[in-house]
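Scroll down for the structure; my scribbles are underneath it.
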Amino acid sequence: MKPLSDIATRLRLASGLVLMAFVAGHLVNHALTLHSLEAVSAGRVVFSAVWRSLPGTILLYGALLIHIALSLFKLYQRRRLRMPLWEMGQIALGLAIPFWLVLHVLGTRAVHELFGVNDSYLLQFGWVWGGNASGMTIMLLLVWAHGCVGLHFWLRIRPWYAAVRPYLMAMALVMPVMALAGFHLGGREIQAIAEHDPNWLARIAAEQNWPDDNVQSWIQAWEGRVLGGLILLLAVVVMARMLRDFRERAAGQVEISYIDGSSVSIEPGMTVLDGSRLAGIAHAAVCGGRGRCSTCRVRIGAGADHLPPPADDELKVLNRIGASDRIRLACQLRPMQALEVAPLLPATAGPASSRVQVDPAAGVEREVAVLFADLRAFTRMAEGRLPFDVVFILNQYFKAMGAAIEDTGGRVDKFIGDGIMALFGIDAAPSVACRQALLAAKAMAHRLEDLNQDMKADLPEPLRIGMGLHVGPVILGEMGYHRATSLTAIGDPVNVASRLETLTKDFNAQLVVSAHLARRAGLDLGAFESQDIDIRGRQRPLRVHIVADAASLPGSNDEWRQSTLPRFSVSSLFPRIKR
Ligand code: FES
């Protein structure tokens, strides 16, 4: 049987999706005003037929009540209010929504059901535009932003998400903009009609049975009651938290020791991730502690015998990454006695790390594509500059290159001085990994051009890079010492990729890629110069392609990206999007 918190998480997600579907329909309806008032009225009929039917009503209001109740439950469950900024923002948005939403619901659905008002768009536009247009705008933006943030953090660990993210983000921006434009256009049209015919609004109101002043007072009274009730519920949750914390504190503390020698005392019932946050220990948690991404995984030292076994959902995630018995998810682990842990991924681990299917402590052999990149002549460029400037430039560079690598499905393994090592294929087939690596090289070249443009005023000359790419079997594993421990790869392909990067200087090229990698990617790089080169330690020469400008690699980003999608293509999702 699933623990209550797992069921709650799923229900909260499902109810959130229902609410998002409702809000998206609402936005589309508003946007129809850009066509005509007749179009929005027709859209309204369809919208009402769905959401005001008995099943639609049960689904919508059931989802709303469940979502509110479970969000309060989640607030109670959370041991510490210390959390990443995005999560804090999402909670704040969620708490603000009722203060704008209640009046809207009372003034539409409630008066429709109780007083027989036909709350048509015409009437709503007339009243809202004349009175509370800014309130409506704020409400719409709050609800949409809350939903979009929730969806983003739910989807970000999916392997296909990086490919569709630009389209989803565009939709997330375009939909409210069109809806607001429609809303404002409709309001102005109604205003113009009302100015031309001063009795028009009153006539429509009478025709559609808009309530008298008594009903207006009723709406206001109920708004106060509903909001008061919600505030009371919130207060109950806060008090329940305080009571629980008091009881647990009285029961004693549990000591968590980390591999680097730091430690923290937590109350029984708190998770190891709570402990890390409490102690200010940087700890990866891509899904924000929801037990889905696996990036918070820790290796258990002393104290393992006293731990409760993992619940079904935690077990599923642990099985997915092939973890041994000593690996647990810090966000799900609630030790009741002293425990030693070692976080296994660097605190900077991104969504790609959630798909690392190895037990890093044990090590595993895997065929991966390795990319090395290095800035050319940066040491000379850094001479004579303020340290602050150097750090600023390098961080801008790392940000742009790191994003290009992650967006194409790779994982930054490490930054070495001004160099970068990245791996592709930790969670994908080698052929896909090779395409991803070439796509990353191309994306990095483009982003470097953009960066040089943006920083023209700060740079004495444009930044230049050299990149080396090779593929082959490596040993992946957790290596290092104390805080410097991380998942990395060792093996011949790593040395070869590094060597190819060095050769870019001799060839005065931006990229040197092994012909083996190009073949595995299924790409014909015959148009580029080829050479056989000797690599120390290898018996036979290695054939390589020399690419002067990686931005000129063949194929469009989208074509390549589609070929790395595991189950569907972008065009199958959005067939009307033109490339
Ligand atoms: S933070 Fe994502 S599984 Fe623990």
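Quick caveat, the model's predicted, so the values are computed rather than measured. Side-chain atoms are counted along with the backbone in the values below, which use heavy atoms only and exclude waters and symmetry mates. All ligand and atom numbering here is 1-based and tracks the order in the structure.
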What orientation do His146 and His67 show, parallel under 30°, tilted 30 to 60°, or perpendicular over 60°? perpendicular
So do the side chains of Cys296 and His283 get within less than 4.5 Å of each other, counting heavy atoms only? yes
Under the ring pair (Phe, Tyr, Trp, His ring centres under 6.0 Å) criterion, do His470 and Phe372 qualify, and how do the steps go? CA-CA 9 Å; His470 187 50; Phe372 267 86; over 10 Å; no
Yes or no on side chain to side chain donor-acceptor pair (under 3.5 Å) for Asp274 and Thr271, after CA distance, side-chain angles and deciding distance? CA-CA 5 Å; Asp274 287 331; Thr271 66; 3.1 Å; yes
Quick one: name the protein N/O/S atoms under 2.8 Å from atom 2 (Fe) of ligand 1, chain by chain. Cys287 SG, Cys293 SG
Answer yes when Arg447 and Asp407 have at least one side-chain N-carboxylate O distance shorter than 4.0 Å, and no when they do not. yes
Arg411 to Phe424, cation-pi by 6.0 Å centre distance and 45° axis angle: no
